[in-house]
**Student:** 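Let me begin by handing over the structure; questions about it come next.
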There are 2 protein chains.
Amino acid sequence: MSPSRATLIEVATLAETSKSSVSRFFGTERNKLSPALCERIERAAHTLGYRPNLMARGLKGGGSRLLGMLVADIRNPFSVALVHGVEQAARAQGYSLIVCNTDNDPALEQTQLATLAAYQVEGLVINASGQPEAPLQTLMHSGVPLVLLDREVNQLKADVIGLDNAQAIDMALDHLALQGYRSVLYVSESPTQASTRQARLIRFKQQARPRGLTRRTLLLDSLELEAVMPTLKAFAQSAGPTAVLCGNGNVTLALARGFQRLGLAMGQVGLMGIDELDWCALIAPGITTLAQPTDAIGAAAVTCLLNQLKGTTPATVIHRHAPRLLARGSTQRSPTLSSFTPEQANNP
Amino acid sequence: MSPSRATLIEVATLAETSKSSVSRFFGTERNKLSPALCERIERAAHTLGYRPNLMARGLKGGGSRLLGMLVADIRNPFSVALVHGVEQAARAQGYSLIVCNTDNDPALEQTQLATLAAYQVEGLVINASGQPEAPLQTLMHSGVPLVLLDREVNQLKADVIGLDNAQAIDMALDHLALQGYRSVLYVSESPTQASTRQARLIRFKQQARPRGLTRRTLLLDSLELEAVMPTLKAFAQSAGPTAVLCGNGNVTLALARGFQRLGLAMGQVGLMGIDELDWCALIAPGITTLAQPTDAIGAAAVTCLLNQLKGTTPATVIHRHAPRLLARGSTQRSPTLSSFTPEQANNP
DNA sequence: AACGTTAATGGGAACGTTCCCAACTCACTG
DNA sequence: CAGTGAGTTGGGAACGTTCCCATTAACGTT
């Protein structure tokens, strides 16, 4: 009834050879086989529809060819872009990716980590939501290669790959200053858990004044409109040409809502965000953003992982990637009167 | 140096018992063990930091506790929402999910399918990008439970779970008619590959006229603005209050761009989309959408899969889920003059 | 002609589990 | 007091691979 999957041995029998040879054929030693045998095996495998059982392979030293990835929030488009980059790079190297979402829940994160480990992944890409220092320490100690993506974990001495946050903040401030804004409000979600948020916030505090900008910050536990409005309202009425800088995509969304609710004209009050989103070019007059090179970051993570696996360090992996500035109308103080089009908005 | 993972046997030795008992402890037969033994094993496992090797378990009949999911386009927010729903439900049932993205590439789809099968997944959730009929047929035949998500596959006799497309189109048409539009343009990506697109298109063609609506369709191979503009321009100038209905989220994005480029006022020319997106409430005056219950759909898929696994069919799984109408300004012909706010826009 | 040397193959033992079956211990029954 | 049965426990054989080592054949070299 159910002709459950063919096995190595069945192929061997049909090809009139031994399991060793068939194993070699599907492994890395195909060149050690005579052309004749190769062809017999090929044919047998094909008629039986044979596919190696990766579980069995993973069991015996051959390696599971599996990479694990932990994502803090799979519904965040930025995270998804990272997943996409990592998956693509992994596939290119012959690895599969098992993705676990933690929904920003540190407890769930621990569970998922255990699960990933249980599947004998050969390497782990971690976009942490909490600070799972202990379990990761254990994992590293037991020889599992490990790369942190976007966010660091406290004391953990591991490779971290992500945006060059300092450069990003600098670029943002330079752009805002150049556009004539004199006072900047930096809005971020609570930076206690995520290293990236801290790094950006600190850099902002250091670098605003040297550029002649008055600075102010707003740290949010919730992105509800109610949490945003009072500060935004007060800030919009304060002195000097003012601009708001958003620490990530979610914040940009929240503030775009805030602007709309207050009837603020983007540009007149500047609005700029880190992370590029589908709709940023769409909302008139277009929201200026710093786009992260997510595919490159994902690929770098995989490269880094495989380097660790091989023990070699052939190509240097770039840990801090530069963002790309997409300048649009939301940081232009006096809008050109020509009608706005997405095309114009997409070009810096 | 690397105290690689503890094994069942090591735990058994430390607990001074047999591997059978330890296996029972971590399996489903813990109740067959005496409390004393349980505690010894518990302690031993804890001091050794033991975690069962799921690869080994998967090898011997115990089941891999792995579910596979194939996603057509992981960068589509709708797909991600489905992944989230499936993952959540799977976890609740003690299963892990391995997600493979096919980037809408049928060739890649075949590869990924093979990979998933190679990992001995216990069940498969397929959001097809092509028509991988043959490989799926094989898979089903070899006893792997299988559920199609959102899209059907030609001749394949398998459960399909997704939106009630007919109801969705009916709801959209009802809404548009009620709002006073008389002529509707339905825009969809090429419906050759995706059953969902076909179903919606057909229903639209059937149901528009009975509601007194003049109908027109636009099928797109590309979502580039150039492909959209001519038809949109012509349609906007045609007779009767006109409205555009978008077949999915991507199309909604493309048409929002088109409206903007032409300087069309949303509402005056209606705009409505299937799939809810972050920014639909944000773009003044808010885009009316039909939201899919993605979590419910994902959960239903898992339930369906597990029913097949158990052989029982306890609870009936709803295959056709109803959408939820989010009425906003983009389908309101004469905008109320009160200032637009997202809050108002979110309530039907 | 006897001897390495290399290339191509085959046979078994692992890998860490689960599952089947056997064995042992009790407490009860007849 | 043997016999039955349930409740526990242990021993071994799988599962489908890979890897190590042994074997064979073929080919030069001395």
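Naming: A, B, ... by sequence-line order, numbering from 1 per chain.
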**Student:** Any heavy-atom pair between the side chains of V99(B) and L97(A) that's under 4.5 Å?
**Tutor:**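 Heavy-atom side-chain distance check fails, nothing below 4.5 Å.
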
**Student:** Select one nucleotide: of dT17(D), dC15(C), dC15(D), the one nearest the side-chain heavy atoms of L59(B).
**Tutor:**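 Closest nucleotide among those given: dC15(D).
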
**Student:** If the cut-off is 4.0 Å, is T17(B) near the phosphate of dT9(D), judged by side-chain N/O to OP1 or OP2?
**Tutor:**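 So the side-chain polar atoms of T17(B) never come under 4.0 Å of the phosphate oxygens OP1 or OP2 of dT9(D).
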
**Student:** Do F26(B) and Y50(B) have ring centres separated by under 6.0 Å?
**Tutor:**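 Judged by ring-centre distance (under 6.0 Å), F26(B) and Y50(B) do meet the cut-off.
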
**Student:** Would you mind reading off the distance between R51(A) atom CZ and dT17(D) atom P, rounded to a whole angstrom?
**Tutor:**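 The distance from CZ of R51(A) to P of dT17(D) comes to 11 Å, rounded to the nearest Å.
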
**Student:** Here's a test of your reading of the structure: between L37(B) and A56(B), which maps to the more 5' nucleotide of DNA chain D?
**Tutor:**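 In this pair, the answer is L37(B).
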
**Student:** Flag the pair L163(A) / R320(A) as yes when at least one side-chain heavy-atom distance between them is below 4.5 Å, and no otherwise.
**Tutor:**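 No - every pair of side-chain heavy atoms lies 4.5 Å or more apart.
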
**Student:** Rounded to the nearest 0.5 Å, what separates atom CD in E109(B) from atom CD1 in I126(B)?
**Tutor:**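 Nearest 0.5 Å value for the CD-CD1 distance: 7.0 Å.
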
**Student:** Students often get this wrong, so: under 4.0 angstrom with heavy atoms, is L33(A) touching a base, only sugar-phosphate, or nothing?
**Tutor:**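 L33(A): backbone/sugar contact only, no base atoms under 4.0 Å.
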
**Student:** Do Q131(B) and Q155(B) have side-chain atoms, one donor and one acceptor, less than 3.5 Å apart?
**Tutor:**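 No.
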
**Student:** Mind checking the CD-OG spacing from E122(A) to S64(A)? Nearest 0.5 Å is all I need.
**Tutor:**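 The OG atom of S64(A) is 4.5 Å from CD of E122(A), to the nearest 0.5 Å.
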
**Student:** Reading DNA chain D from 5' onward, which residue's closest nucleotide shows up sooner: P35(B) or I9(A)?
**Tutor:**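 Of the two residues, P35(B) wins.
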
**Student:** Measure CG/L54(A) against P/dT17(D) and give the value in whole Å, please.
**Tutor:**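 Taking atom P of dT17(D) as the reference, CG of L54(A) is at 9 Å.
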
**Student:** What is the separation between atom CD1 on I41(A) and atom P on dA8(C), rounded to the nearest whole Å?
**Tutor:**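 In whole Å, dA8(C) P and I41(A) CD1 are 13 Å from each other.
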
**Student:** Please round to the nearest 0.5 Å and tell me the distance separating atom OG of S195(A) and atom CG of D150(A).
**Tutor:**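 With rounding to 0.5 Å, OG (S195(A)) is 7.0 Å from CG (D150(A)).
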
**Student:** Of P52(B) and S21(A), whose nearest nucleotide on DNA chain C comes first from the 5' end?
**Tutor:**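 By nearest-heavy-atom nucleotide position, the 5'-most residue is S21(A).
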
**Student:** Could you tell me the separation between the CG atom of D159(A) and the OG1 atom of T303(A), rounded to the nearest 0.5 Å?
**Tutor:**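 These two atoms lie 11.5 Å from each other.
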
**Student:** Using whole Å, what does the distance between atom P of nucleotide dT17(D) and atom CG of L8(A) come to?
**Tutor:**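 After rounding, the gap between these two atoms is 5 Å.
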
**Student:** Using atom CG of N53(A) as one end and atom P of dC15(D) as the other, report the distance to the nearest whole Å.
**Tutor:**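 Taking CG of N53(A) and P of dC15(D), I get 12 Å after rounding.
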
**Student:** Do R151(B) and Q193(B) pair up side chain to side chain, a donor and an acceptor below 3.5 Å, judged on atom types alone?
**Tutor:**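 No, no side-chain donor-acceptor pair sits under 3.5 Å.
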
**Student:** Protein-nucleotides 22-24 of chain C N/O pairs closer than 3.5 Å?
**Tutor:**
none

**Student:** Given atom CZ of R65(A) and atom P of dT18(D), what is their separation to the nearest angstrom?
**Tutor:**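 Result: 12 Å.
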
**Student:** Please list each protein N or O that sits under 3.5 Å from an N or O in nucleotides 19-23 of chain D, with the distance.
**Tutor:**
none

**Student:** CZ of R57(A) versus P of dG16(C): gap in Å, rounded?
**Tutor:**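 Atom CZ in R57(A) sits about 18 Å away from atom P in dG16(C).
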
**Student:** Please determine whether a side-chain nitrogen or oxygen atom of Y119(B) lies at a distance below 4.0 Å from atom OP1 or OP2 of dG16(D).
**Tutor:**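 Negative; the distance criterion is not met.
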
**Student:** Quick one: label Y50(A) by what it contacts on the DNA or RNA (base, sugar-phosphate, nothing), any heavy atom closer than 4.0 Å.
**Tutor:**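 Sugar-phosphate only.
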
**Student:** Nearest whole angstrom, please: distance from the C1' of dT18(C) to the CD of E122(B).
**Tutor:**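 Rounded to whole Å, this separation is 14 Å.
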
**Student:** Any heavy-atom pair between the side chains of L14(B) and R40(B) that's under 4.5 Å?
**Tutor:**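 No, every pair of side-chain atoms sits at 4.5 Å or beyond.
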
**Student:** For the helix from dA1(C)-dT30(D) to dG30(C)-dC1(D), what angle separates the axis at the start from the axis at the finish, each from five pairs, in steps of 10°?
**Tutor:**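 Angle reported: 60°, given to the nearest ten degrees.
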
**Student:** Is a side-chain donor-acceptor pair under 3.5 Å present for S129(B) with T102(B)?
**Tutor:**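 Checked: T102(B)/S129(B) side chains pair up, N/O donor to acceptor below 3.5 Å.
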
**Student:** To the nearest 0.5 Å, tell me how far R30(A) CZ sits from S21(A) OG.
**Tutor:**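 Rounded to the nearest 0.5 Å, the CZ-OG separation comes to 13.0 Å.
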
**Student:** State whether S34(B) places a side-chain N or O below 4.0 Å from either non-bridging phosphate oxygen (OP1 or OP2) of dT9(D).
**Tutor:**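 Result: yes.
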
